Colleague: 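Just dropping this structure here.
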Amino acid sequence: PIVSNVIATLGKGDGLVLIPTDPTGLQALNDQAAKKGIAVANVDTQVGNLKNVIIQITGDNGDGGAKAADAIAKAIGYKKGGSYEVVIGLTSPTATTNVGRQKGFEKQIASKYPGIEIVDTGYSASNPQRAAANISAWLTQYPDLDGIFAIDGTNASGAAAALQEKKLTGKVALVGYDAYPDNVAKIKSGIFTALIAQDPAAEARLAIKTLVKYIKTGVKPAKKSVIIPNVALTNSTSAADLAKYTYKN
């Protein structure tokens with residue numbers, strides 16, 4: 001309904017930057033906007049069929065998931081022959097960023113860290129309180145839990161809150177995604193082992209620049225799909241890089 005209301009206010013020569021929470025559920029509205037003459041960009045996540053999208057911009061989600069697996073393995077002191085338990089907190093089973101990050105994480109675990117078992121996954125619907133409740137329940141259900149992969153910003157915030165509440169900071173490795181300011185500050189205090197991030201300002205600038213150029217000239221970008229590289233932020237990351245990659249409120 002939110003996207004539908006936005007489209008109703010727009011017309012030919014306008015632009016829409018869409019971050020679809022579901023690749024199928026938002027497809028019809030994405031296409032409806034394009035047929036109305038609205039220039040559409042997909043940022044971060046995407047619809048399933050990009051035929052009516054001018055540009056799609058996202059981070060390398062598979063690579064981000066792999067980096068998260070490496071960070072957790074390092075934090076828990078992974079050794080061949082050992083046995084370890086981790087959980088994954090997601091927002092949605094269908095959002096393309098979540099799916100890509102989960103697949104990248106699982107693939108890296110299977111290929112490099114076979115002693116790590118993913119014992120549970122859960123969904124928060126972008127609600128940090130629900131994410132915290134999921135993690136809190138898992139910390140009780142799995143008393144020997146070694147690590148948590150919080151696959152996006154709201155899950156990271158919720159997971160951090162749950163670890164602090166149960167006084168398990170530093171005892172369970174927490175790797176999050178998205179460099180929210182509060183979460184970046186928690187790297188230094190040891191709550192987060194690492195945060196996987198990309199440069200969100202670069203995504204925004206490219207989306208607006210591309211749509212404006214297209215609206216003014218009708219010229220489409222040379223590349224329809226653009227991948228923004230990831231970076232793993234840790235306690236050893238420089239202050240300059242932390243500032244660069246921290247998402248602005």
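Every value quoted in this text rests on a predicted model; they were computed, and no experiment measured them.
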Colleague: Should Lys112 and Asp70 count as an ion pair when the cut-off is N to O under 4.0 Å?
Modeller: yes
Colleague: Is there a donor-acceptor pair under 3.5 Å between the side chain of Ser136 and the backbone N or O of Ala132?
Modeller: no
Colleague: Any idea which heavy atoms bring Ile76 and Ala173 closest together, and the distance?
Modeller: CG2-CB, 3.9 Å
Colleague: Out of curiosity, Ile109 CD1 to Phe149 CZ, how far, rounded to the nearest 0.5 Å?
Modeller: 9.5 Å
Colleague: From Asn155 CG over to Ile151 CD1, what is the distance, rounded to the nearest 0.5 angstrom?
Modeller: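 Result: 8.0 Å between the selected atoms.
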Colleague: Could you measure the distance from the CH2 atom of Trp138 to the CD1 atom of Ile148? Nearest 0.5 Å is fine.
Modeller: 8.5 Å
Colleague: Take Asn42 and Thr45 through the side chain to side chain contact (heavy atoms under 4.5 Å, CB included) test and state the conclusion after the steps.
Modeller: CA-CA 7 Å; Asn42 280 191; Thr45 54; over 6 Å; no
Colleague: Can you confirm whether Leu29 sits close enough to Gln32 that some side-chain heavy atom of one is under 4.5 Å from a side-chain heavy atom of the other?
Modeller: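 Side-chain contact under 4.5 Å: yes.
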Colleague: Indicate whether any N or O donor in one side chain lies under 3.5 Å from an N or O acceptor in the other, for Asn98 and Thr91.
Modeller: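 Short answer, no.
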Colleague: Give a yes or no answer on whether the side chain of Thr96 reaches the backbone of Gln46 with a donor-acceptor pair at less than 3.5 Å.
Modeller: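 Present.
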Colleague: Just wondering, do Arg101 and Asp152 contact through their side chains at under 4.5 Å, heavy atoms?
Modeller: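 Yes, their side chains come closer than 4.5 Å.
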Colleague: Would Val172 and Lys166 count as a side chain to side chain contact (heavy atoms under 4.5 Å, CB included) here? Give the steps.
Modeller: CA-CA 11 Å; Val172 178; Lys166 289 187 174 289; over 6 Å; no
Colleague: Taking side chain as C-beta onward, heavy atoms only, is Tyr180 less than 4.5 Å from Thr154?
Modeller: yes
Colleague: Around atom CD of Gln164, are there more than 12 heavy atoms from other residues, nucleotides or ligands closer than 6.0 Å?
Modeller: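 Yes, the 6.0 Å shell around CD holds more than 12 heavy atoms from other groups.
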Colleague: Which residues pass the ring-ring contact (aromatic ring centres under 6.0 Å, His included) test with Tyr177, not counting sequence neighbours?
Modeller: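 ring-ring contact (aromatic ring centres under 6.0 Å, His included) list for Tyr177, sorted by chain: empty.
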Colleague: Kindly say whether Ala179 contributes a backbone atom to a donor-acceptor pair with the side chain of Asn183 at under 3.5 angstrom?
Modeller: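 Side chain of Asn183 to backbone of Ala179, a donor-acceptor pair under 3.5 Å: no, none is there.
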Colleague: Would you say Ile88 and Ile191 are hydrophobically clustered, going by side-chain heavy atoms of ILVMFWY under 4.5 Å?
Modeller: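 Shared cluster, no.
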Colleague: Scan the side chains in residues 16-25 for donor-acceptor partners under 3.5 Å anywhere in the protein, sequence neighbours excluded, and list what turns up.
Modeller:
residue, atom, partner, partner atom, Å
Asp22, OD1, Thr24, N, 2.8
Asp22, OD1, Gly25, N, 2.6
Asp22, OD2, Thr94, OG1, 2.7

Colleague: Taking Val53's backbone N and O only, do any of them form a donor-acceptor pair with Lys224's side chain (distance below 3.5 Å, no angle check)?
Modeller: yes
Colleague: Can you find a pair of side-chain heavy atoms, one from Val231 and one from Lys244, that are under 4.5 Å apart?
Modeller: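 They are not in side-chain contact.
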Colleague: Compare every heavy atom of Leu174 with every heavy atom of Ala159, then report the nearest pair and how far apart it is.
Modeller: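 The answer is CB-CD1, 3.7 Å.
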Colleague: Measure from the side-chain N and O atoms of Thr210 to the backbone N and O of Ala207, and report whether any donor-acceptor pair falls under 3.5 Å.
Modeller: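 Between the backbone of Ala207 and the side chain of Thr210 there is no qualifying donor-acceptor contact (under 3.5 Å).
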Colleague: Mind listing the closest non-hydrogen atom pair of Leu10 and Gly15 along with its distance?
Modeller: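 Minimum heavy-atom contact is CD1-O, 3.8 Å.
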Colleague: Return the set of residues passing salt bridge (Lys or Arg N to Asp or Glu O under 4.0 Å) with Lys186 (not counting sequence neighbours), or none when no residue passes.
Modeller: none
Colleague: Hey, could you give me the CG/OG1 distance between Leu242 and Thr234, rounded to the nearest 0.5 Å?
Modeller: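 Leu242 CG to Thr234 OG1: 8.0 Å, rounded to 0.5 Å.
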Colleague: Hey, can you pull the donor-acceptor pairs under 3.5 Å for the side chains in residues 195-204, sequence neighbours left out?
Modeller:
residue, atom, partner, partner atom, Å
Gln198, NE2, Tyr247, OH, 3.1
Asp199, OD1, Ala201, N, 3.2
Asp199, OD1, Ala202, N, 3.3

Colleague: Taking it one step at a time, do Asp120 and Gln141 satisfy side chain to side chain contact (heavy atoms under 4.5 Å, CB included)?
Modeller: CA-CA 10 Å; Asp120 223 327; Gln141 186 176 355; 4.0 Å; yes
Colleague: Are Gln27 and Asp31 close enough that a side-chain donor and a side-chain acceptor fall under 3.5 Å?
Modeller: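 Indeed, the side chains of Gln27 and Asp31 share at least one donor-acceptor pair under 3.5 Å.
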Colleague: With a 6.0 Å cut-off (strictly less than), is the heavy-atom count around NZ of Lys171, excluding the residue itself, greater than 12?
Modeller: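 Atom NZ in Lys171 is not packed in, count stays at 12 or less.
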Colleague: Under 3.5 Å, sequence neighbours excluded: what are the donor-acceptor pairs made by side chains of residues 78-87?
Modeller:
residue, atom, partner, partner atom, Å
Tyr78, OH, Gly115, N, 3.0
Tyr84, OH, Lys79, N, 2.9

Colleague: What residues, two or more places apart in sequence or in another chain, satisfy salt bridge (Lys or Arg N to Asp or Glu O under 4.0 Å) together with Asp60?
Modeller: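 If we apply the salt bridge (Lys or Arg N to Asp or Glu O under 4.0 Å) test to Asp60, skipping adjacent residues, there are no hits.
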Colleague: Test side chain to side chain contact (heavy atoms under 4.5 Å, CB included) on Val40 and Asn52 and set out the steps.
Modeller: CA-CA 7 Å; Val40 181; Asn52 293 315; over 6 Å; no
Colleague: Which of these passes side-chain contact (heavy atoms from CB on, under 4.5 Å) with Phe105: Val175, Ile72, Asn61?
Modeller: Ile72
Colleague: Just verifying a value: how many Å separate Ile215 CD1 and Lys12 NZ, rounded to the nearest 0.5 Å?
Modeller: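 Between atom CD1 of Ile215 and atom NZ of Lys12 there are 10.5 Å.
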